[in-house]
Q: 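Supplied in structure tokens, the structure appears directly below.
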Amino acid sequence: MLTYFFINIKKFSFRIVAAFFVFLIFSGCKTTGLEIEYSAKAPELSSEKTRFIFIRLYDPVYKNPFYAASFLKAGISSTEVSPLKLSHASMNLSLEDNFYALTNAKERYDFKFEKCTDITTNGYMNKCNPDKSSQTTYAIAVSEEEYEKAKKILNLLMDRDVDTKYIAWQAIQMSGCAIRRKFFTNYEDRSLDYFTTPGGYETCDIDFESKQITRKFICSNLVAFVLQMSVYEIQDYFLENHINYKYIAITDLAVLPGVHKLFSSSWTDYNQAAEKFVSENPEFEAYFDAKDFS
């Protein structure tokens, strides 16, 4: 009788835990604002800053709500200090729908290109619903030197001899930091200007000839690493505020110095959104091959 009682208690507890995770998953799958939206003001170039680097942040909605990444998304949402609901990041040197991104979808290479409008080219993207998933594209104005440095770093990270890897342990470390930041830090101290990331600023070396470079990341800190190693404004900001790039959250990328929102849309409508944005902001024409995407 007692054994029967404990067996039923275990079954009941399991159901409660399972129901909780199902709630997290489905609450994390809600997506709003799939209409195409544009920023009121695009970043401006100057005599020193003549190029743009682009960051694309995602709110993916998975075809299967029990896909492992759904649990990760729910965890990110529950510990996020920003009102933005984002759970993936990528970057590019143009607005073409072919962004550099790091994911773990059990493919041969973790670091590869992602297309919002053709999810079949990427194992991670292919698990998402492009009509319900949303993206927001940002830009930071940089010098020609910084642009070329970012290009070299991205190409090196993409080199198959380097074989850049997604490291799940870093996602766990990031989660621990995010929990401390949201639940054990005063509200006014949660921004990067005041929050102390573990380890402080981390110096990194790159040797392009011998292909020596840090190669273990998660999606957001890879973008942060490239920016730190190529853009002086970001490097100075990390250094002055003792920020470790490894603990940059996805939404942190949207508020880094010099980063400006350009537009947001569903994945399906990315090209139409980019085309309209470029048509209204001619300084971006060189970054997008405008076609009739309507």
Q: Taking the side chain as every heavy atom from C-beta outward, state whether Thr50 and Ser143 have any atom pair closer than 4.5 Å.
A: no
Q: Linking I/L/V/M/F/W/Y whenever their side-chain heavy atoms sit closer than 4.5 Å, directly or via other members, would Tyr100 and Val162 fall into one cluster?
A: yes
Q: Does any donor atom in the side chain of Gln135 or Ser265 lie under 3.5 Å from an acceptor atom in the other side chain?
A: yes
Q: For Tyr237 and Leu192: C-alpha separation, side-chain torsions, deciding distance, then whether side-chain contact (heavy atoms from CB on, under 4.5 Å) applies.
A: CA-CA 10 Å; Tyr237 177 70; Leu192 284 177; 3.4 Å; yes
Q: Within the 4.5 Å heavy-atom criterion, are Phe111 and Asp163 side-chain neighbours or not?
A: no
Q: With Phe284, which residues qualify under ring pair (Phe, Tyr, Trp, His ring centres under 6.0 Å), at least two apart?
A: Phe52, Phe277
Q: Tracing side-chain links under 4.5 Å among I, L, V, M, F, W and Y, which residues wind up in one group with Ile167?
A: Trp169, Ile172
Q: Nearest 0.5 Å please: distance from the NZ atom of Lys85 over to the CD1 atom of Ile76.
A: 11.0 Å
Q: Residues two or more places apart in sequence or in another chain: which of them pass ring pair (Phe, Tyr, Trp, His ring centres under 6.0 Å) with Phe225?
A: Phe217, Tyr245
Q: Supply the atom-to-atom distance Phe263 CZ to Ile36 CD1, rounded to the nearest 0.5 angstrom.
A: 9.0 Å
Q: Can you give me the closest heavy-atom contact between Tyr138 and Leu84, atom names plus distance?
A: OH-CD1, 4.1 Å
Q: Hydrophobic clusters join Ile, Leu, Val, Met, Phe, Trp and Tyr when side-chain heavy atoms are under 4.5 Å apart, directly or via other members; which others share one with Phe184?
A: Ile179, Phe183
Q: Does one side chain, of Thr117 or Asp97, offer a donor that lies under 3.5 Å from an acceptor on the other?
A: yes
Q: Between Thr268 and Asp131, is any side-chain donor less than 3.5 angstrom from a side-chain acceptor?
A: yes
Q: Is any side-chain heavy atom of Ile248 less than 4.5 Å from a side-chain heavy atom of Gln228?
A: no
Q: Just verifying a value: how many Å separate Thr196 OG1 and His242 NE2, rounded to the nearest 0.5 Å?
A: 8.0 Å
Q: Between Asp252 and Arg181, does any side-chain N to carboxylate O distance fall below 4.0 Å?
A: yes
Q: Ala101 and Ser90: which non-hydrogen atoms are nearest, and at how many Å?
A: CB-CB, 3.6 Å
Q: Starting from Met158, can I reach Phe208 by hopping between I/L/V/M/F/W/Y residues whose side chains sit under 4.5 Å apart?
A: yes
Q: Flag the pair Tyr58 / Phe99 as yes when their ring centroid distance falls below 6.0 Å, and as no otherwise.
A: no
Q: Is there a path of hydrophobic side-chain contacts, each under 4.5 Å between heavy atoms, that joins Tyr247 and Ile218?
A: no
Q: Taking only residues at least two apart or on different chains, which pairs with a member in residues 218-242 satisfy salt bridge (charged side-chain N to carboxylate O under 4.0 Å, His left out)?
A: Lys49-Glu233
Q: Can you list every pair that meets side chain to side chain donor-acceptor pair (under 3.5 Å) and has a residue in residues 212-221, with sequence neighbours left out?
A: Gln170-Asn221
Q: Treating Thr136 as the side-chain partner and Leu57 as the backbone partner, does any N or O pair qualify as donor plus acceptor under 3.5 Å?
A: no
Q: Please report the interatomic distance CG(Leu262) to CG(Asn281), rounded to the nearest 0.5 Å.
A: 8.0 Å
Q: Nearest 0.5 Å please: distance from the NZ atom of Lys127 over to the OG1 atom of Thr103.
A: 10.5 Å
Q: Could you give all pairs that pass the salt bridge (charged side-chain N to carboxylate O under 4.0 Å, His left out) test and reach residues 189-202, with sequence neighbours left out?
A: Glu202-Lys246
Q: Main chain of Gly75, side chain of Ser78: is a donor-acceptor contact present, judged purely on distance under 3.5 Å?
A: yes
Q: Would the number of heavy atoms belonging to other residues, nucleotides or ligands and lying under 6.0 Å from OH of Tyr109 be above 12?
A: yes
Q: Measure the shortest side-chain to side-chain distance between Asn122 and Phe113 over non-hydrogen atoms and say whether it is less than 4.5 angstrom.
A: no
Q: Can you find a pair of side-chain heavy atoms, one from Ser133 and one from Tyr62, that are under 4.5 Å apart?
A: no
Q: Determine whether Trp267 and Met125 make a side-chain contact, defined as any pair of heavy atoms from C-beta on separated by less than 4.5 Å.
A: yes
Q: Running the 4.5 Å side-chain criterion over Ile, Leu, Val, Met, Phe, Trp and Tyr, what cluster does Tyr232 land in, apart from itself?
A: none
Q: Decide side-chain contact (heavy atoms from CB on, under 4.5 Å) for Ile55 and Leu227; before the verdict, give the C-alpha distance in whole Å, the side-chain angles of both, and the deciding distance to 0.1 Å.
A: CA-CA 10 Å; Ile55 301 167; Leu227 293 176; 3.9 Å; yes
Q: Between the side chain of Asn186 and the main-chain N/O of Glu188, is any donor-acceptor distance below 3.5 Å?
A: no
Q: Is there a donor in the side chain of Tyr67 and an acceptor in the side chain of Tyr124, or the other way round, less than 3.5 Å apart?
A: no
Q: Quick one: salt bridge (charged side-chain N to carboxylate O under 4.0 Å, His left out) pairs with a partner in residues 151-161, sequence neighbours left out?
A: Asp159-Lys211, Asp161-Lys211
Q: Between Thr164 and Ile213, is there a side-chain heavy-atom distance shorter than 4.5 Å?
A: no
Q: Once you round to the nearest 0.5 Å, how far does CD1 of Ile250 lie from CD of Glu80?
A: 8.0 Å
Q: Can you sort out the partners of Tyr201 under ring pair (Phe, Tyr, Trp, His ring centres under 6.0 Å), two or more places apart, ordered by chain and number?
A: none
Q: What are the two closest non-hydrogen atoms of Leu253 and Val259, and how far apart are they?
A: O-CG1, 3.5 Å
Q: Checking side-chain hydrogen bond (donor to acceptor under 3.5 Å, both in side chains) for the pair Tyr287/Arg51: CA distance, chi angles, key distance, verdict?
A: CA-CA 10 Å; Tyr287 299 93; Arg51 303 297 294 269; 3.2 Å; yes
Q: Could you name each residue pair satisfying salt bridge (charged side-chain N to carboxylate O under 4.0 Å, His left out) that touches residues 109-120, not counting sequence neighbours?
A: Glu107-Lys112
Q: Under 4.5 Å between side-chain heavy atoms, counting indirect links through other Ile/Leu/Val/Met/Phe/Trp/Tyr residues: same cluster for Ile153 and Leu102 or not?
A: yes
Q: Answer with yes or no whether the hydrophobic clustering places Ile140 together with Leu45; edges join I, L, V, M, F, W, Y residues whose side-chain heavy atoms lie under 4.5 Å apart.
A: yes
Q: Go through the steps to decide whether Met91 and Val226 satisfy the test side-chain contact (heavy atoms from CB on, under 4.5 Å), and finish with yes or no.
A: CA-CA 9 Å; Met91 70 186 305; Val226 174; 3.8 Å; yes
Q: Are Leu95 and Phe54 packed together at the side-chain level, in the sense that at least one heavy-atom pair is separated by less than 4.5 angstrom?
A: yes
Q: For Asn64, check side-chain hydrogen bond (donor to acceptor under 3.5 Å, both in side chains) against everything at least two apart and list the hits.
A: none
Q: What's the shortest heavy-atom distance between Lys73 and Ser87, and which atoms?
A: CG-OG, 3.7 Å
Q: Of all heavy-atom pairs between Ala105 and Gly123, which one has the smallest distance, and what is that distance?
A: CB-C, 3.8 Å
Q: What is the minimum heavy-atom distance between Ser266 and Pro130, and which atoms define it?
A: CB-O, 3.9 Å
Q: Hey, does the Lys NZ or Arg CZ of Arg56 hover above the aromatic six-ring of Tyr270, less than 6.0 Å from the centre and inside 45° of the axis?
A: yes
